[in-house]
Participant: 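Right, I'll just put the structure down here and ask away after.
Proteins get letters first, then strands, A, B, ... in listed order; numbering begins at 1 in each.
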Amino acid sequence: MSKPSIPQGTRDFSPELMSKRKFILNTIESVYQSFGFMQLETPAMENLNTLTGKYGNEGDQLLFKILNSGDYIKDLDLNAFDSKSLTPKIAEKGLRYDLTVPLARFVAMHRHEISFPFKRYQIQPVWRADRPQKGRYREFWQCDADVLGTDSLLCEADFIKIYQTVFAKLGIQDYEIRINHRKLLEAVCEKADAKQHFKTITIIIDKADKIGVDGVARELNGIGLNETQVQTVLSLLNKKSLSIETIAEFEQKLSGTESIAKAVEDFNKLIAFCGADLNKIVLDGSLARGLDYYTGCIFEVVPTNVKMGSISGGGRYDNLTEVFGLKEKVSGIGISFGIDRLFDVMEELQLFDGQTSSFADVLFCPMDEAAINYCLPLANQCREKGYKTEIYPSASKLKKQLDYANTKNIKWAIIVGDSEIEKGEVSIKNLVDGNQQTIDIENFVNSIY
RNA sequence: GUGGUCAUAGCUCAGUUGGUUAGAGCGCCAGUUUGUGGUACUGGAGGUCGUCGGUUCGAUCCCGAUUGUCCACCCCA
């Protein structure tokens, strides 16, 4: 028997880790709920034809595929296939790659039962056959929220408020909400007279953070843009805080282009909805986001004092359900938190240090077998009062039982032995300050706080 | 998919210029204290040095492969 192990890029979450993860998860979930989002869950596996072709070539290669059951090669002439054409014959299901495509599939399937606008959130793991590295796992959790069936800019404003609320609650202070507009990017390409290179250009400028302005210029040259064109693109890469003035500046620079009007209109509406609260919002001309289903505003959130990729991303898309054959146009907007990266960021910033996780509030410490029976109804009383309560399962030495309470960060130890049982009492010890008192069982629960 | 890094106790890591018995700290178990914890002291368990193969009289150490790790690129949360 070889040493036990888990697959590459996956992790176990110990109780200690889970209590921290739960804190993040619960925070995000409660904020989503406070904005009226409803929960959706979809299966871990989808039909492979639901998934393939939605993420581009790169994405398709990163899909985990599930082998068919039974004798899946019985009727196949293996020599007639190469590994690529064989795959669809022997694997018809795959693990989900994100939560957006399953959402689109769900909406397409249940369009008649859904009333729009449809606001759903979804917190589930996704899988990518990527090579793991810092902040990148093969199994990780996404926390998505999407609004479908409205193109109001109020949604964008809501999501910005959600970002601000979540990060405030988590204690993350140094971050930047980067925002851009697909139409602004289009206008830039139009201005530079390079519309036909739109997709390539977005991919290149998205790397600006990493390779710098010079690097971007070099790569733009590489795809055949001349110096004027490159300069036109570069002139729009700078980051500025989002404001009426910034927008006006862009409008002026890009006047005469087809796409700029829509971007300006959207930004101005968004600013109006956000009111004065434009804190931490940066208009970043270089933000592009690879996924090409985005059509309007796009977001990305990055921590500014930790070296880490984006911890959230999202944007507006015009017609997500189109590929599933839905005739009526369902536009929408969504964001996604990557809680694994959030976790890494918070761990690095030591934001969990303040919290001591306690796995129970009360531990009953029976000194002999008879005491266990005596404790049972008392423990249930504690639970009814809302305390996490357990009874040590054997009459071990007190030291051992108190040690156990310490490691689980339990505040109250309730010691029960012969003398307590005789008098109908319990001894309650506060493990934080060390005080101990013996009181009547009638109202002992009231002594716990 | 490409390039690099590393792999020794449960964890973090020493160490052996190739040689008899591979160490520390933390953690774990027990005792000092047979009903009073978090501190202290004492003792104990736990490793075929990732796996397979090669070189050698002899390999944890050198070489090769393999698996895993971490990091960077591509792409992305």
Participant: Could you give the CD-to-C1' distance, from A/Glu16 to B/C11, as a whole number of Å?
Facilitator: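 Going from A/Glu16 (CD) to B/C11 (C1'), I get 13 Å.
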
Participant: As a test of reading the structure: which of B/A30, B/C75, B/U36 is closest to the side chain of A/Ile415, going by heavy atoms?
Facilitator: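 Shortest atom-to-atom distance from the side chain points to B/U36.
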
Participant: With heavy atoms under 4.0 Å as the rule, sort A/Asp403 into base, sugar-phosphate or nothing.
Facilitator: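 Touches sugar-phosphate only.
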
Participant: Ignoring hydrogens and angles, answer whether the base of B/G35 and the side-chain atoms of A/Gln401 contain a donor-acceptor pair closer than 3.5 Å.
Facilitator: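 Answer no: no donor N or O sits under 3.5 Å from an acceptor.
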
Participant: Tell me, yes or no, whether the heavy-atom count around A/Lys207 atom NZ, taken from other residues, nucleotides or ligands under 6.0 Å, exceeds 12.
Facilitator: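 Counting other residues, nucleotides and ligands, NZ of A/Lys207 exceeds 12 neighbours.
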
Participant: Tell me whether the side-chain N/O atoms of A/Gln8 come closer than 4.0 Å to OP1 or OP2 in B/U69.
Facilitator: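 Looking at the OP1 and OP2 atoms of B/U69, one of them is under 4.0 Å from a side-chain N or O of A/Gln8.
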
Participant: Can you identify which nucleotide, out of B/A72, B/U36, B/G35, has its nearest atom closest to the A/Met367 side chain?
Facilitator: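 The answer is B/G35, which lies nearest to the side chain.
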
Participant: Does any donor-acceptor pair link the side chain of A/Ser419 with the base of B/G35 at a separation under 3.5 Å?
Facilitator: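 Yes, the side chain and the base share a sub-3.5 Å donor-acceptor pair.
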
Participant: So which nucleotide from B/C76, B/C73, B/U36 ends up closest to the side chain of A/Arg128?
Facilitator: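 Closest nucleotide among those given: B/C76.
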
Participant: Are OP1 or OP2 of B/A30 and a side-chain N or O of A/Lys400 less than 4.0 angstrom apart?
Facilitator: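 So the side chain of A/Lys400 is within the cut-off, an N or O lying under 4.0 Å from OP1 or OP2 of B/A30.
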
Participant: Side chain of A/Phe140 only, please: which of B/U36, B/C73, B/A77 is the nearest?
Facilitator: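 Nearest nucleotide to the side chain: B/A77.
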
Participant: Kindly point out which of B/G38, B/A77, B/U2 is positioned nearest to the side chain of A/Gln142?
Facilitator: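 Taking heavy atoms from C-beta onward, the closest nucleotide is B/A77.
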
Participant: Just to be sure I understand the rule, does A/Tyr137 reach a base, reach only the sugar-phosphate, or reach nothing, if contact means heavy atoms closer than 4.0 Å?
Facilitator: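 If one applies the 4.0 Å heavy-atom cut-off, A/Tyr137 turns out to touch a base.
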
Participant: To the side chain of A/Pro132, which of B/C71, B/C70, B/U36 is closest?
Facilitator: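 When the side chain of A/Pro132 is considered, B/C70 is the closest of B/C71, B/C70, B/U36.
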
Participant: Nearest whole angstrom, please: distance from the P of B/A77 to the CG of A/Asp144.
Facilitator: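 One finds 10 Å between P of B/A77 and CG of A/Asp144, rounded.
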
Participant: Choosing from B/G31, B/C70, B/C75, which nucleotide comes nearest the side chain of A/Lys397?
Facilitator: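 For the A/Lys397 side chain, the nearest candidate turns out to be B/G31.
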
Participant: Look at the side chain of A/Arg341 and the base of B/C76, then say whether one donor and one acceptor between them are separated by less than 3.5 Å.
Facilitator: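 Present.
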
